[in-house]
Structure formats: structure tokens, C-alpha cells
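In listed order, ligands and their atoms are each counted from 1. For the single chain, residues carry numbers from 1 onward in sequence order. Since the structure is predicted, the reported quantities are computational estimates derived from the model, not experimental observations. Heavy atoms only: backbone and side chains are in, while hydrogens, waters and symmetry mates are out.
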Amino acid sequence: MSAAIVQLRELRCHFASGEGLLAAVDGVNLDIKAGEVLGLVGESGSGKSTMGRIIAGLQPRSAGDLIIGGQAMPRHYSRRQFKAMSTQVQMVFQDSYASLNPRMTILASLQEPLWSQGVTGAVARDKACYWLERVGLPQSAGERYPHELSGGQRQRIGIARAFIAEPKLVICDEPVSALDVSVQAQIINLLQELQTEHNTAMLFIAHDLAVVRFLATRTAVMYLGEIVELGPTPALFEGPRHPYTARLLAAHLDGNIKARKVIAANTGKAAGHKAPLATDSGCRFAPRCPMAEPACSANPPWLRPTKVDTEAACHRLADIEILKLRK
Ligand SMILES: Nc1ncnc2c1ncn2[C@@H]1O[C@H](COP(=O)(O)OP(=O)(O)OP(=O)(O)O)[C@@H](O)[C@H]1O
Ligand SMILES: N[C@@H](CCC(=O)N[C@@H](CS)C(=O)NCC(=O)O)C(=O)O
């Protein structure tokens, strides 16, 4: 069992909203292990980006512990603490402009993470030149500015910039969803190559379940601020135990457009489904769950081991396992 790079313990992030405190992340316990690719899926508004941003130090948490490389992280970082943390954790954003300074050349942007670690001069420049080539760009691109590159090229730079200082974890938040379909696969392949080459752990946030199934060793499913199912990707995709996971997979993987529309109409933001308030009790999925019983709305379920080596937070787990075995 490899060591955990990141440990989340009862992690919470609440935002003030008109109706009260909105629980974007609500009591998440999770380890990200060295060298693993952990997929994070769930509908829009389930708290995936917020969780990624908290781990990357871009969003303060409201409560709970964030432990990186065995060290408890503060809620608010000083400049020095942020620098130290970012040697271990880097992020690739959906919007490739987000990590690049428009006034800096590509070569300078690539060197920035090295400079902040005290690596400068020819050593930093040579490394940047190496990475430019490694992500498939011509050396001449180093002299350009972000707006002079295509979206795909810019994302390659975003990736190079995340990997250049050899972090232990790279968080990818929807890294290809803003790109042309024709370049998405190339970027996914590049991420996979680099992850394997450097044995970097990756938290991979995506709506595209097929991509997560392809890339991730383990997958976590989030629903309204909570992890409802977690486990090895093949087991989770082949034998989902949580009714929400089953529904998510059915809608996305069957390519069933009608089902997808029904789900969209019944889920999260799209349906005006209420975001969870910090005071809500019971299972968050109960109002939409075909298996729900009155008890489901009374107490919150917790993650429990299933018979297929995953964990699911569902009060009806025992019945679901029996149903699955009968099939
Ligand atoms: N800075 C903020 N202030 C107030 N509410 C926020 C803030 N950031 C996120 N939220 C809310 O927190 C919830 C979780 O948002 P988050 O972006 O983490 O979800 P997500 O699963 O990443 O969604 P998507 O897949 O659409 O990116 C949403 O209800 C969102 O509106
Ligand atoms: N003046 C440039 C130097 C850039 C540089 O070193 N470029 C690399 C490629 S990324 C190179 O080998 N250039 C060709 C050369 O120096 O002969 C800068 O620092 O911005």
C-alpha cells in the first residue's frame, strides 16, 4: 500500500448564501496515494472543484484537516507556506489562461515554478526548453505569449508548468472540456504518459466518465458535497452500489440521450435542486432515490465496504448487494 500524499479528514467548505450556509464540501474523508490516479466525478455543483481548490491551497476550508506529505496544512497560507506546499501540489485548470500570465513569454511562464524554488539561470531555462519539447511544442513557441497559442497548445503549456517542478500531486480540473474534441484525446494521452513517467499522483476531475474510466485507478463519486461511493475504477464502473452512481453511469455510458436528459432535468442545479445547507440531515440523495425509505431521510449514511471492494454510503446497501447478486 503506497503512502498517502494527501489526507482529507472531515473536510468542509461552507459558503454563505441567501438561505443559510451552503455546504459545497461537507465532511469529506479521503486519501490520495502516491502515484495513483484518482478520478473525481459527480454532477455540476457537487463540490468537485471546491475540493480540488482546497487541496491546491486556492480556497480556504471552513473546517477539517488537510494533510499534505504528512504535514497538517494551515487554513490560510502565508506566502512562504504556499510556496512550500506548491512544490508538492500543482493544478491544471480547465481554462488554460488561468495559470499563465498574459504578459510573460511561454518560456518565462514555464520557468516560474522553478524560480520560486530557487532554481534559476541556465538550469531553469534548459529545463523549460526540455518541457516545451516534451509536451510537443516547437522551441520557437517559447518566445511567444499565451494569446499567440491555440487552446490545445496553451493547455500543453499548462501541463508542462504543472509537472516541471516535479510535484507529488497534480490536480486536473476538467483539463480537456474546453478543448476541441480532436485535441482532447491527445491531451489525455499526454497526461497519462507524464503521470506514468514521473509516477505523479493525479486527482482527475471530469464530467466525462469514459475518460475517468480510462485514466483513473480509483474513482470517487461526489453528490452535493459528500463522497457517496469510492473504490477501484473497474469495480465501481462494473458494479456500482450507490443508487446515485448507478444513475450517473447509466445516463452517461449508455450514450442514452433520452436518459441523459431525464437525469439532467432531475439533478442538481439544472432542476433548481436545492444546494445542501449545512444543517440538512439524512441522505442527500433520498429525495431522488428509487430505493429510499423513511429512515434514509432521518440519518446520514456513511461509507461502508461493499462486497466488490468499493465503499458506498447508502442505508440500503445490504439490500442492493442482494439484488445485485440475484442478477
Ligand atoms: N466562491 C463561492 N461562493 C459561493 N458559492 C460557491 C463558491 N464556489 C462554489 N460555490 C458553490 O459550491 C457548490 C459546489 O461548487 P463546485 O464548483 O465545487 O462544484 P463542481 O462539482 O466542481 O461543479 P462543476 O462540475 O460545475 O464545476 C455549488 O453550489 C457552487 O455554486
Ligand atoms: N533568450 C532566450 C533564450 C531561449 C533559449 O535558450 N532557447 C532555447 C530553446 S527553448 C534554445 O536552445 N535556443 C536556441 C539557441 O540558443 O541556439 C530566453 O531566455 O528567453
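- Put simply, CE on M51 and CD1 on I171 are 8.5 Å apart, with the number rounded to the nearest 0.5 Å.
- To the nearest 0.5 Å, the span separating CD on E174 from CG on L179 amounts to 11.0 Å.
- For ligand 1, the atoms closer than 4.0 angstrom to any heavy atom of H207 are 25 (O).
- Between the CE atom in M291 and the SG atom in C296 there is a gap of 8.5 Å [rounded to 0.5 Å].
- Heavy-atom proximity to A24, at under 4.0 Å, picks out these atoms of ligand 1: 12 (O), 13 (C), 14 (C).
- E112 pairs by the salt bridge (Lys or Arg N to Asp or Glu O under 4.0 Å) definition with R161, not counting sequence neighbours.
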Which donor-acceptor pairs under 3.5 Å do the side chains of residues 114-121 make with protein atoms, sequence neighbours left out?
residue : atom : partner : partner atom : Å
S116    : OG   : P113    : O            : 3.1

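- Taking any N or O of S49, backbone or side chain, at least one lies under 3.5 Å from an N or O belonging to ligand 1.
- No N or O atom of Q59 sits closer than 3.5 Å to an N or O atom of ligand 1.
- Close approach to E43 involves these atoms of ligand 1, each under 4.0 Å from a residue heavy atom: 21 (O).
- Remark: side-chain polar atoms of R61 are not paired, donor with acceptor, to backbone N or O of C13 under 3.5 angstrom.
- Of the N or O atoms in F15, none lie within a sub-3.5 Å distance of an N or O in ligand 1.
- Checked against salt bridge (Lys or Arg N to Asp or Glu O under 4.0 Å), D31 has the following partners two or more places apart in sequence or in another chain: R9.
- How far CG of L190 is from CD1 of I159: 5.0 Å, rounded to the nearest 0.5 Å.
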If you look at each N/O of ligand 2, which protein N/O atoms lie under 3.5 Å away, and at what distance?
residue  : atom  : partner : partner atom : Å
ligand 2 : 6 (O) : R125    : NE           : 3.3

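- Atom-to-atom distance recorded for Q153:CD and I106:CD1 is 9.0 Å, nearest 0.5 angstrom.
- Relative to the ring axis of Y97, R154 places its NZ or CZ within 45° and under 6.0 Å from the centre.
- Only the side chain of L22 comes within 4.0 Å of ligand 1, judged by heavy-atom distances.
- Judged by the shortest distance from any of its heavy atoms, G42 lies outside the 4.0 Å radius around the atoms of ligand 1.
- Here is the list of ligand 1 atoms found below 4.0 Å of a heavy atom in S46: 19 (O), 20 (P), 21 (O).
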